[in-house]
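Side-chain atoms are counted along with the backbone in the values below, which use heavy atoms only and exclude waters and symmetry mates. Predicted model only: the values in this text are computed from it and were never measured. In what follows, chains are A, B, ... by sequence order, proteins preceding strands, each numbered from 1.
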Amino acid sequence: MTEFLSQYAFVIVPVVKIVLLVFIVLTVDAYLTWLERKVIAHIQARWGPYRVGPHGLLQPLADGAKFILKEDPTPDGVDKKVYFFAPFLTLMLALTSLAVIPFGPDIRIGSFTTNFGIADLNISLLVLFAITALSVYGIALAGWSSNNKYSLLGGLRSSAQMISYELSMTLSVVGVLLMAGSLSLKEIVQLQDNGNLGLLGWNIIGFSKDGAGFTQVIGCLCFFISAIAETNRVPFDLPEAESELVGGYHTEYASMKFAMFFIGEYTAMITVSCLSTILFFGGWLSPFPASWIWAHYLPSVILIPLGLWVIFDGIRYETILGRIVLPGLGTALVLIGVALAAFTRANELVQGPFWFFGKLFAVLFFYIWMRGTLPRFRYDQLMDFGWKFLLPVSIANVILTSAFILWRMHG
Amino acid sequence: MSFALLMFFVLAGLAVLGALALILQRHPIHSALSLILVMLSLAGLYLLMGAEFVAAVQIIVYGGAVMVLFVFVIMLLNAGEEERTNFSKLASVAGIPLALALAGVIAAAIARGSGHLPSATNGELTSTRELSKLLFSEFVYPFELTSFLILVAILGAIVLAQREQN
């Protein structure tokens, strides 16, 4: 049995990882909608989902059941092949792009080492850009094939918008690439690790041992703004502006086909947040200097009070289900926190993923925060902003960064 | 080797199928989609040869930018289905013999190579670093001249658009 396992490990390990990743990502997508509704509700002084399960925690399940059970009519005069293909394409590309993201440092279990992610390519950044470039088709084709003028307008808007912002997104990353000298996301993270510099070594601040690092604040801003435009989120959600276009490119889609666009959009959001974490915020690296050993207990320090608060909140909850589920959840969190403090090996294993997912959560929260705060762009403002502001600024960032690196290396 | 060969036949088959579909489809959007399939399978073939950077650029530039513009224009003009026309006389007199002749020449060239075509990649040329070193040292003048050519084309398009406005 062990012989079989070691012989076919190169097939078994990726397959297990793929199944796990798809399962986790779909769950996270579902709970991202819950988080989004809760956060926006609180921004707008409402409660958000509250009825289905304690604190509305079962709302994503109810939504999923609704999507599956809804009638799925095909409108008259649609281009059938393209109409069915478009949602599949969107979801497929969104899920594929997660395959090249490294979520943490390599995992070592005994003598077996594997990377924390599905594929570790030396051109992973280019692969991500290639997938982003293709994901325009999902939306554009959905809009075109629906045989509906609002859908068509949404599709046209999205293709124009995504082409425009792809330029500044690609250019804003060049600064990071100049500093790293590599297209591999794993190496980009490893090069931000400067031992005792901690947080100062991240690309957004840009200290490095040889002094050839240049702060990428401009690059980070440009990247994040164009990334929001690429994922069609507020304030750049013109392809689905409901006040002008009914539902935009997905007006004619219902049931699971609509859900596929929805999941695709949220997955793209996760990918882009992972990417900005990796490129500018040090990926899985801790913000504290490596010599601060106490920082390794931070996961426990956060998990235990969180768990206690959930227990405290749960015992006073209105429904009986809530009084059972919430304290249970809290106890689980506390137990995990205690276990991480007690077992050093588990603690070491969890450091990388803890920081990566912590940063990822912060970026996703920022995304949702923006949605709750900002109004939508007008279309001409969107184009002006992309071409006349974002593009020149990201080119200036490339020139500044390369000039600085040249000066430090030869001057 | 056998796996690489299998992948080659799958990708090459897809490319040929896409190219045939490009001609045989009657709707411009379907033709454009078939062309994207051709581009993607070509990128797969480059990847199979170890030219990762070229493969990625093939998808980003051709699959992404160029074909999105094609699709965009077709959607904007709202082009309908094409009508089938009779086989053109010029095609039957000149086209088919010339196409056969071209196929013959290529087949002869491959046959003379006795099954061993020279490798397209010399040594380390495939990596992004080597490629960019070559591009920015030995071929820097042709490379920069090409970008000027593209810039001139962009400026020309802007001038034409402006003239119409005035």
Enquirer: Who among B:Ile60, B:Val61, B:Leu69 has the most heavy-atom pairs with chain A under 4.5 Å?
Expert: B:Ile60
Enquirer: Show the nearest heavy-atom pair for residues A:Ala133 and B:Gly64, with the distance to one decimal.
Expert: CB-CA, 3.8 Å
Enquirer: In Å, rounded to the nearest 0.5 Å, how long is the span from CG of A:Leu156 to CZ of B:Phe72?
Expert: 5.5 Å
Enquirer: If you count heavy-atom pairs under 4.5 Å with chain B, which of A:Leu134, A:Leu167, A:Val136 comes out on top?
Expert: A:Leu134
Enquirer: Pairs of donor and acceptor atoms under 3.5 Å between chain B and chain A, please, with atom names and distances.
Expert:
residue	atom	partner	partner atom	Å
B:His30	NE2	A:Asp79	OD1	3.2
B:His30	NE2	A:Asp79	OD2	2.9
B:Gly63	O	A:Tyr137	OH	2.4
B:Val68	N	A:Tyr137	OH	3.2
B:Arg129	NH2	A:Gly181	O	3.0

Enquirer: Could you look at B:Val68 and say if it's the side chain, the backbone, both or neither that has a heavy atom under 4.5 Å from chain A?
Expert: both
Enquirer: Go through the atoms of A:Leu126 and report whether side chain, backbone, both or neither lie under 4.5 Å from a heavy atom of chain B.
Expert: both
Enquirer: To the nearest 0.5 Å, how far apart are CD1 in B:Ile29 and CG in A:Leu141?
Expert: 6.0 Å
